[in-house]
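Some notes on the structure that comes next.
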There are 2 protein chains.
Amino acid sequence: MANRTVRPTLTDVAARAGVSKSLVSLVMRGEQGVSPATRQRVREAADALGYQPDSRARLLRSGRSRLLGVVFGIEHAFHVDLVTALYTAARDSGYELALSAVTPERDETEATASLLQDRCEALIMLGPRTPAPALARLATRLPVVVLARDVRGADVIRTADADGLRQAVDHLAGLGHRRIAHIDGGRAPGAADRRRGYREAMHAHGLGRHVHIIAGGLTEDEGATAARTLLHQSRPPTAITVFNDRCATGVLDVLVRAGTRVPEQVSVVGFDDSHLARLAHISLTTIAQDVPTMTRLAVARAIERIDGLAVAHRASVVTPHLVIRSTTGPVAD
Amino acid sequence: MANRTVRPTLTDVAARAGVSKSLVSLVMRGEQGVSPATRQRVREAADALGYQPDSRARLLRSGRSRLLGVVFGIEHAFHVDLVTALYTAARDSGYELALSAVTPERDETEATASLLQDRCEALIMLGPRTPAPALARLATRLPVVVLARDVRGADVIRTADADGLRQAVDHLAGLGHRRIAHIDGGRAPGAADRRRGYREAMHAHGLGRHVHIIAGGLTEDEGATAARTLLHQSRPPTAITVFNDRCATGVLDVLVRAGTRVPEQVSVVGFDDSHLARLAHISLTTIAQDVPTMTRLAVARAIERIDGLAVAHRASVVTPHLVIRSTTGPVAD
DNA sequence: TTGAAAGCGCTAACAG
DNA sequence: CTGTTAGCGCTTTCAA
């Protein structure tokens, strides 16, 4: 046979402690109304047996799973930051997180389906790519909180993307930059708003004729490609705002390799303040999404809905803030 | 009340189809011995109600969870690659993956405990930091497969670390390099073997007196620090082997910023072949761990143990291979 | 081929 | 404070 030891059940513990199952149940859950002596004996019996409650049975009986499903893209640096913070946010909520990763070979549909089978009570989806109607349909079955994407028919927690880019442009303009470019995120969630924020801020600073948007993307490679395009121009920009940190990392790399000094010759601003930006050797000036607030809101919203509180789907917009590091400086002239 | 729809149960489907619960159960599991007509009616009823089996109840009854628990460090690039591959490896195994992340605020103990509560049938642990005795104790309770770390008392799937570094040194020596340094991984899993492999290979090439090991680590920042140390030496090496890709990325960055051309002046070799190494703008020569093989072995080993097949704990050592990209070249003189 | 009944490990009423 | 009972949604005998 296997080396698998049969796991002790609540009944085993009860037998060993010489009490009823109910008492053991109460003790294990830390409920009140058990004499200290009994509590003590039960604890000892449980420890001796190495008893661990079976969450499946527990949840089956109580009709709930106390599980919050999280769908995330495991290769996205920012999602990783969000998941990390979600664990913290959920810590004292009475709910556990059930992770389901989207990988190149495992799509969102699959990731979601497995969470549904686990009877998660709500879904928190990070930057989902699922079409809005499908998302809305899903939201009729269980509470769905969408993070980092704007969509109707579900609860949304997102960053004020346009405002973030405004802050970036304000910062650069304040440093004297005029030729400020934007490497965008294409069709990625939030990209349209960030483009708009950039454009509006440029106009607000009277830099309308310097508006310059280049196709980028979410990845390092896409950033690198865009940066090369920029370098080959007759009059390259003195500052670049980039869709996200990951993409900005690619941009930085190309600049440095080309011998362009950052920030002396070109300033670069990212977006997200993901762990990438904080790396000492990158030290990227960026627009920080307020991850603790966003994740706290996401968990709170999910629970509200589970409790049947919220009625209409709401969108919470969280303000980002500028974090100045080493990739921005005064314009050289 | 909440917008939560009560999920239909097997009983609901049975009622609607006008058959017994047993039949529905058989149909849902695709078992034989049900007339086509009945099968058809049950299918329709299930679809009409949007029925989805409750995995918890199913597993409770059958006494199994068919779950493989995975403990991983969400911030480690290589773990992310492994998790991605594990999903693929487990796809047709009849088991599902249950992910539990280790974060700065959620340690391995906590990550493991939640998996145990879910009654995972086996644990796959990626580069665990848990002390060997604790790991061995855990392995007496359920099958534990350790990936990317060598430890007694559990099943181990790991890369031939020393051999990997030998390949790196062979490659560099073949390019004419003599002053080859090694930035190590300190106490990280595998670091000792990689150090040893480096040292042995250097001696094998008659380069014993050039052996030069510098304290590094697993992260970009640690690599950057080590690289700076190296640059400040009177006679810097012409080639550097680095503990892993992540650390090598930090090394590269410092070199490039210092105006050192790679590979013209200094060659760099990483380890892992994580997605970082493949980024076009990094294009790091590296020692590739055979991720598909390792993950396939890990899943297979876990299942063997669950089935009670394997007896003694075994260590499977997978051979890595050199992937030549753009960070290595002939020595300049 | 189909159905009835038992029970997985646990919690929630309720009674003592 | 403690024990008894019933049953969560499902699978699994066992009979029909």
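Remember, predicted model here, so these are calculated numbers, not experimental data. In what follows, chains are A, B, ... by sequence order, proteins preceding strands, each numbered from 1.
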ring-ring contact (aromatic ring centres under 6.0 Å, His included) contacts in which one or both residues fall within residues 61-92 of chain A, not counting sequence neighbours: A:His76-A:His79

What is the distance from CG of B:Leu10 to C1' of D:dT11, rounded to the nearest Å? 9 Å

Nucleotide N/O of nucleotides 13-16 of chain D paired with protein N/O under 3.5 Å:
none

With sequence neighbours excluded, tell me which residues meet side-chain contact (heavy atoms from CB on, under 4.5 Å) with A:Arg29. A:Ser25, A:Leu26, A:Glu31, A:Arg58

Distance check needed: D:dT11 P versus B:Leu23 CG, whole Å only. 13 Å

With A:Glu110 via salt bridge (charged side-chain N to carboxylate O under 4.0 Å, His left out) - residues at least two apart: B:Arg91

Contacts of A:Arg301 that satisfy salt bridge (charged side-chain N to carboxylate O under 4.0 Å, His left out) - sequence neighbours left out: A:Asp155

Overall bend of the helix from C:dT1-D:dA16 to C:dG16-D:dC1 (five pairs an end, 10° steps) is 40°

Partner residues of B:Arg158 under the salt bridge (charged side-chain N to carboxylate O under 4.0 Å, His left out) criterion, sequence neighbours left out: B:Asp150, B:Asp193

Holding to salt bridge (charged side-chain N to carboxylate O under 4.0 Å, His left out), I want the full list of residues that pass it with A:Glu304, two or more places apart in sequence or in another chain. A:Arg314

Which two nucleotides bound the region of DNA chain C that has atoms under 4.0 Å from heavy atoms of chain B, read 5' to 3'? C:dT1 to C:dG9

Among residues at least two apart in sequence or on other chains, which ones pass side-chain hydrogen bond (donor to acceptor under 3.5 Å, both in side chains) with B:Tyr95? B:Arg64

side-chain hydrogen bond (donor to acceptor under 3.5 Å, both in side chains) with A:Ser93: which residues, sequence neighbours excluded? none

Taking only heavy atoms on the protein side, list every residue of residues 25-36 of chain A lying under 4.0 Å from any atom of DNA chain C, sorted numerically. A:Ser25, A:Arg29

Does B:Ser62 place a side-chain N or O at less than 4.0 Å from the phosphate oxygens OP1/OP2 of D:dT12? no

